[in-house]
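Note that ligands are numbered from 1 as they come in the structure, with each ligand's atoms numbered from 1 the same way.
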Amino acid sequence: MLQYLGTLKLRMSDEDYQKLAAIPVSRVHKFIAESAELCNPDRIFVCTDSKEDIAYIRHQAIESGEETPLAIPGHTYHFDGPQDQGRDREATKYLVPKGDYLDKALNQIDRDEGLAEIRSLLRNSMKGRTMIVRFLHLGPLNSVFSIPCMECTDSWYVAHSVDLLYRPAYEVFKRGDAPDDLFCVLHSVGKLNERMISAEPEKKRIYIDYIENIVYSVNTQYGGNSIGFKKLALRLAIRKADKEGWLAEHMMITGVYGPKGRKTYFAGAFPSACGKTSTAMLPGNTILADDIAYLRNIDGVCRAVNAEAGIFGIIKDVNPVDDPLIWEVLTKPGEVIFSNVLIKDGKPYWLGMGCELPKDGINYTGYWWEGKKDENGEEIPPMHKNARYTVSLKALKNCDPELDNPLGVELGGIIYGCRDARGYVPVQQSFDWEHGIIAYGAALETETTFAITEEEGKYEINIMSIQDFVSIPLGKYIRNNLEFGRRLKKKPLIFGVNYFLRDLKTGEFLNDRRDKQVWMKWMELRVHSDIGAVKSPTGWIPKYEDLKKLFYEIRGIEYTETDYVKQFTIRVRENIAKINRVEKFFKDNVPDAPRELFQVLEEQRERLISVQKEFGNYVSPRDLERDNF
Ligand code: SPV
Ligand code: MN
């Protein structure tokens, strides 16, 4: 411990040194000393939980030019480079030691080779800059769920963002409450251009060393690649959860009100940009988490917490009619960081905000005007679709009061959402835990979106919407989910939702964005067995009469039987084709896929074939109701 502190003393101001020396955890000193040795910053700033330190970070984010103030007090904006607008799957790899195994579906590199590469990219990367050290906490404080973590970064924007997104934990570290397997992140923006944007995107690398619980990230600023405690730490948390028998999930958590003020909590996994945050933020419900949840079996009950305390949310389509709660936060004074939006006269603009956009302004490509083209001759949009806002959850009026409850909240239901134009009905309930985990979770097939730096609209399997972050063999991950449920005395119900079903002929979406409010209330009533359902080959689906009532009560609209039949017709051909693709994916990619997976899919296929014989390829829910096959 003294050896590391000794070398650090030479690099630090007395004040910063004292802050660090007050932490009696040698792992902390070692990580900072090694990071400083490698990246060679001019200065090290240790951020405590004090108001002054946090205000200093906010000030430096602006002073350095990484953020710029907007007209509304507390609001700033930040840009990432044109090739740094989403999570980069290709550049993100696990460092796998020789003799260790991860499925080939998970991007990986030999650990020694990867460490050598990332270290060479990080060497001297902070020269002329300050390395900021932040101590934070995943999950509520003083809780069985808590994981202390730290990040060394040379980005004031990143250091500022974590302030809104996580719970401060310098005091926790000072008490010595940090285990040896605490999560560490080392991030450098690398070379910057005159607009303070990472200038060498081709050298972007995000490497996850699960042996030492360290994530390295370089030549990138996009939050999902640089804010270590989002998806980077989720990958480490999944391994920790695997060892300790709990679940770390890509899930939101929301409290849904039922009759007589009853409140039921749901957790929901959705692929990026498929409605997760907007589901968590539905008017009338509370939001407890929008992205990452930890689930534990506590006395036989499934309880969940938010690993985070803020939102790094997609801003596209946020408007005062559909999203009044977040709209209010984004338009009133208070701390908000906008990233990759269009700026004009000190105001942020985004696609789908419900007003006309200016014809010019500043965006992620610099000065922008309507018709501006990129080097390939393609027209540049006013903003990137993955533009985001960063806010603290507590800024929202409907933030759930249990956010910091060390025991979390009891889950009544778990939802798996997908973006599937062709197959799954808008909402359905699984027959049991295994069926839900496999047919809605493991078999989740979805269209790719703008949240990753790849082509949009391709179908892919995305197990439990978390495949990008799974850091253990995929079969093991699914098995852990199956077993987690089997050990519960009280199992949450499992639901599948699909907000993106289209008419097979016209290609039109069959649902309005606001219909999800109705699906949530339907699920809430199902959790308490207040209403019945129709048995379909793919799960329990709503009865028309129940939806008609709910649509009227919640949305004030007449829900027609024609709409119901269109939305809840079981598309047998599409569902069987999906099962075939899913089976092939698992046979080709997941050698240790659990046996139950193939069994549950086979049973689903048989149920589909049986209704196909009687009703053909498109089976109306009305027929199922009459027949109850
Ligand atoms: C996602 O892409 O799933 C996000 C944003 O929630 S990121 O931080 O990029 O992971
Ligand atoms: Mn996410």
Side-chain angles (χ1 to χ4, degrees), residues 78-81 83-92 107 136 138 149 151 153 155 157-158 160-162 164-166 185 187 198 204 206 208 215 217 220-238 248-254 267-281 287-294 306-316 318 326 337-340 364 384-391 393 415-419 444 446-454 456 460 462-471:
H78 161 85
F79 287 121
D80 306 307
Q83 291 170 62
D84 195 21
Q85 294 284 316
R87 279 188 290 105
D88 193 326
R89 282 175 169 174
E90 215 170 303
T92 307
N107 205 8
L136 300 144
L138 297 169
C149 51
E151 178 154 1
T153 175
S155 165
Y157 158 70
V158 169
H160 178 203
S161 299
V162 298
L164 293 164
L165 294 172
Y166 302 94
V185 180
H187 165 252
S198 290
K204 186 192 320 178
I206 300 126
I208 297 118
V215 180
S217 166
T220 175
Q221 289 162 301
Y222 170 68
N225 301 326
S226 64
I227 300 170
F229 310 115
K230 273 203 96 64
K231 299 310 173 10
L232 309 184
L234 175 59
R235 293 169 170 101
L236 300 178
I238 288 173
E249 296 297 321
H250 188 206
M251 284 180 176
M252 61 88 190
I253 305 171
T254 178
F270 295 69
S272 307
C274 292
K276 178 148 53 73
T277 303
S278 60
T279 305
M281 239 182 252
I287 177 167
L288 195 139
D290 93 304
D291 200 34
I292 299 171
Y294 295 165
N306 187 354
E308 311 182 279
I311 308 182
F312 176 57
I314 294 171
I315 202 163
K316 181 173 166 290
V318 171
I326 189 67
I337 310 172
F338 294 86
S339 55
N340 305 318
Y364 65 102
H384 195 275
K385 286 194 217 165
N386 199 30
R388 294 202 172 231
Y389 59 84
T390 304
V391 296
L393 259 170
I415 305 169
Y416 291 103
C418 59
R419 181 182 285 259
L444 196 142
T446 196
E447 293 167 55
T448 50
T449 67
F450 51 76
I452 49 167
T453 56
E454 281 173 32
E456 276 183 59
E460 64 176 12
N462 185 347
I463 296 173
M464 268 94 156
S465 300
I466 201 174
Q467 197 167 314
D468 280 355
F469 319 119
V470 175
S471 47

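Within Asp291, the N/O/S atom positioned nearest the Mn ion (ligand 2) carries the name OD1.
Between Asp468 and Lys231 no salt bridge is recorded (no basic side-chain N to carboxylate O distance below 4.0 Å).
Within 6.0 Å of the CD atom in Glu456, the count of heavy atoms belonging to other residues, nucleotides or ligands exceeds 12.
Protein heavy atom in closest approach to atom 5 (C) of ligand 1: Arg388 NH1, 3.3 Å. Here the protein heavy atom with the shortest distance to atom 3 (O) of ligand 1 is Ser272 OG, 2.5 Å. What sits closest to atom 10 (O) of ligand 1 on the protein, heavy atoms only, is Lys231 NZ, 2.7 Å.
Here is the list of ligand 1 atoms found below 4.0 Å of a heavy atom in Gly224: 7 (S), 8 (O), 9 (O). Distances below 4.0 Å separate heavy atoms of Tyr222 from the following atoms of ligand 1: 5 (C), 7 (S), 9 (O). Close approach of ligand 1 to His250 is summarised as follows: ligand atoms under 4.0 Å from at least one heavy atom of the residue are 3 (O). Set against the non-hydrogen atoms of Phe312, the atoms of ligand 1 under 4.0 Å away are 8 (O). Remark: ligand 1 atoms within the under-4.0 Å shell around heavy atoms of Lys230 are 8 (O). Taking a cut-off of under 4.0 Å to the non-hydrogen atoms of Asp291, the atoms of ligand 1 that pass are 6 (O).
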Quiz item: Checking side-chain hydrogen bond (donor to acceptor under 3.5 Å, both in side chains) for the pair Glu308/Tyr166: CA distance, chi angles, key distance, verdict?
Solution: CA-CA 5 Å; Glu308 311 182 279; Tyr166 302 94; 2.6 Å; yes
Practice problem: Show your working on side chain to side chain contact (heavy atoms under 4.5 Å, CB included) between Arg235 and Val215 and close with a plain yes or no. | Solution: CA-CA 9 Å; Arg235 293 169 170 101; Val215 180; over 6 Å; no
Self-check item: Derivation and outcome, side chain to side chain contact (heavy atoms under 4.5 Å, CB included), residues Leu234 and Asp291
Solution: CA-CA 10 Å; Leu234 175 59; Asp291 200 34; over 6 Å; no
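Computed with the Mn ion (ligand 2) at the centre, the Lys231 NZ to His250 NE2 angle is 100°, stated to 10 degrees.
With Tyr222 as the partner, the side chain to side chain donor-acceptor pair (under 3.5 Å) test is satisfied by one option alone out of Asn386, Asp80, Asp84: Asn386.
With hydrogens and angles disregarded, a donor-acceptor distance shorter than 3.5 Å links the side chain of Thr449 to the backbone of Ser272.
Between Phe79 and Tyr157, the gap from one ring centroid to the other reaches at least 6.0 Å.
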